[in-house]
Structures are given as C-alpha cells and as structure tokens.
Enquirer: 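Starting off with a structure, shown below.
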Amino acid sequence: QVQLVETGGGLVHTGGSLRLSCAASGRTFSSYARGWFRQAPGKEREFVASISGSGGTTKYTDSVKGRFTISRDNAKNTVYLQMNSLKPEDTAVYYCAERRSIVTATNTLDYDSWGQGTQVTVSS
C-alpha cells in the first residue's frame with residue numbers, strides 16, 4: 001500500500017503562485033511515474049500534468065502550459081507542481097497520483113494510487 005500526501009494548497013489572488021508537493025511513503029518505488037489531476041465542483045477529474053520516473057518526460061494539459069511546472073526529487077520521493085499566474089478557473093481540488101510504471105500517462109485510469117487532495121482557490 002502506498003500513501004500519497006499532498007500539501008501546499010491554499011487561497012491566492014489571480015496572478016499569484018503556489019507550489020504543491022506530493023510525498024509518497026509505503027510500498028512505492030521512487031521512480032514510478034506521477035501525475036497531478038484536479039477536480040472542480042460539478043466537473044469530472046481532469047489531467048493537469050505528469051512526469052516520468054526519471055523526470056525526463058513531462059506532459060501538461062494545454063490550459064496550464066507555460067504557467068505550471070511539474071518536477072520531482074526521487075531522493076525525497078516527492079513530486080512538485082509549481083503553479084504561477086494562477087487564474088480563477090484553476091480553482092479545484094488537486095490530486096496527486098502514482099502509476100506502477102516509469103512511463104507517464106494522462107488518463108486517470110492509468111494510475112494506481114491517489115492522494116486525498118488539496119484545495120486550491122484562486123480569487124478574482
């Protein structure tokens with residue numbers, strides 16, 4: 001069993017920044033691919049960003065390209081999501097996920113473990 005714990009959410013104004021962290025513990029492998037997803041009220045969970053086990057491959061949904069950066073520190077078993085130039089439409093609960101593969105993916109069904117989520121609210 002792997003545990004993923006997200007931290008770093010909060011309330012910011014439009015244009016502000018936040019950095020989310022996702023720490024893994026338990027039966028995990030430091031080089032498994034990880035992803036960030038988000039879910040706004042009344043909407044389905046959607047892909048935000050993902051990173052391969054080595055960190056060499058990253059993917060982003062179009063709406064966050066150029067504003068968000070995903071990175072990882074395998075020594076700390078932690079993945080980060082740096083979010084800049086935040087917009088009200090970024091408001092959602094952000095979830096970290098891990099898949100038992102070093103290859104990244106964008107579909108929720110490709111991930112095996114999920115964190116509890118952290119709320120990000122961007123005020124206009």
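No experiment lies behind these values; they were computed from the predicted model shown. Values below: every heavy atom of this structure, side chains too, minus hydrogens, waters and symmetry copies.
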Enquirer: With no hydrogens and no angle check, do the side chains of Thr91 and Glu89 hold a donor and an acceptor under 3.5 Å apart?
Expert: no
Enquirer: Of the non-hydrogen atoms in Ala49 and Phe47, which two are nearest, and what is the gap between them?
Expert: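 Shortest heavy-atom separation between Ala49 and Phe47 comes out as C-CE1, 3.3 Å.
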Enquirer: Please step through side-chain contact (heavy atoms from CB on, under 4.5 Å) for the pair Leu86 and Leu18, ending with a clear verdict.
Expert: CA-CA 8 Å; Leu86 282 161; Leu18 285 173; 4.2 Å; yes
Enquirer: I need the minimum non-hydrogen distance between Ala92 and Gln39, along with the two atoms involved.
Expert: CB-O, 3.4 Å
Enquirer: Measuring centre to centre across the rings, with the benzene-like ring taken for any Trp, is Trp114 within less than 6.0 Å of Phe37?
Expert: yes
Enquirer: Is it possible for you to check whether Arg19 lies under 6.0 Å from the centre of the six-membered ring of Tyr80, through NZ or CZ, and within 45° of that ring's axis?
Expert: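 Output yes; distance and angle both within limits.
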Enquirer: Do Tyr94 and Arg38 get their side chains close enough for a donor-acceptor pair, meaning under 3.5 Å?
Expert: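 Yes, Arg38 and Tyr94 have a side-chain donor paired with an acceptor closer than 3.5 Å.
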Enquirer: At what distance, to the nearest 0.5 angstrom, does CZ of Phe68 lie from CG of Leu20?
Expert: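 So the CZ of Phe68 and the CG of Leu20 are separated by 8.0 Å.
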Enquirer: Which residues pass the side-chain contact (heavy atoms from CB on, under 4.5 Å) test with Arg67, sequence neighbours left out?
Expert: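 Listed in chain order: Val64, Ser85, Lys87, Asp90.
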Enquirer: Using a 3.5 Å distance criterion without hydrogens, assess whether the side chain of Arg99 forms a donor-acceptor pair with backbone atoms of Val103.
Expert: yes
Enquirer: Which residues pass the salt bridge (Lys or Arg N to Asp or Glu O under 4.0 Å) test with Glu98, sequence neighbours left out?
Expert: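 Arg34.
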Enquirer: So, the side chain of Glu6 versus the backbone of Cys96: is there a donor-acceptor pair under 3.5 Å, distance only?
Expert: yes
Enquirer: Check whether any side-chain N or O of Asn77 sits under 3.5 Å from a backbone N or O of Ala23 as a donor-acceptor pair, and report yes or no.
Expert: no
Enquirer: Do you see a donor-acceptor pair shorter than 3.5 Å between the side chains of Asp73 and Thr78?
Expert: no
Enquirer: In the hydrophobic cluster built from side-chain contacts under 4.5 Å, what are the other members alongside Leu4?
Expert: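 Leu4 shares its hydrophobic cluster with Val2.
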Enquirer: So if you build clusters from Ile, Leu, Val, Met, Phe, Trp, Tyr with side-chain heavy-atom gaps below 4.5 Å, do Val122 and Trp36 land together?
Expert: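 Yes; tracing contacts between hydrophobic side chains, which count when under 4.5 Å, links both residues.
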Enquirer: What are the two closest non-hydrogen atoms of Thr104 and Ile51, and how far apart are they?
Expert: OG1-N, 3.6 Å
Enquirer: Can you establish whether the number of heavy atoms outside Gln116 located under 6.0 Å from its atom CD is more than 12?
Expert: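 Open: at most 12 neighbouring heavy atoms sit under 6.0 Å from CD of Gln116.
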Enquirer: Do Tyr111 side-chain atoms and Ala105 backbone N/O form a donor-acceptor pair below 3.5 Å?
Expert: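 Yes, the answer is positive, given that a donor and an acceptor are paired below the 3.5 Å cut-off.
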Enquirer: Distance-only, no hydrogens or angles: does the Ser52 side chain make a donor-acceptor pair with backbone N or O of Thr57 under 3.5 Å?
Expert: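 The answer is yes, because a donor-acceptor pair under 3.5 Å joins these two groups.
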Enquirer: Going by the side chain to side chain contact (heavy atoms under 4.5 Å, CB included) test, name the single residue among Val48, Ile70, Thr106 that passes it with Tyr60.
Expert: Ile70
Enquirer: Answer yes or no: does atom CD1 of Ile102 have more than 12 heavy-atom neighbours from other residues, nucleotides or ligands under 6.0 Å?
Expert: no
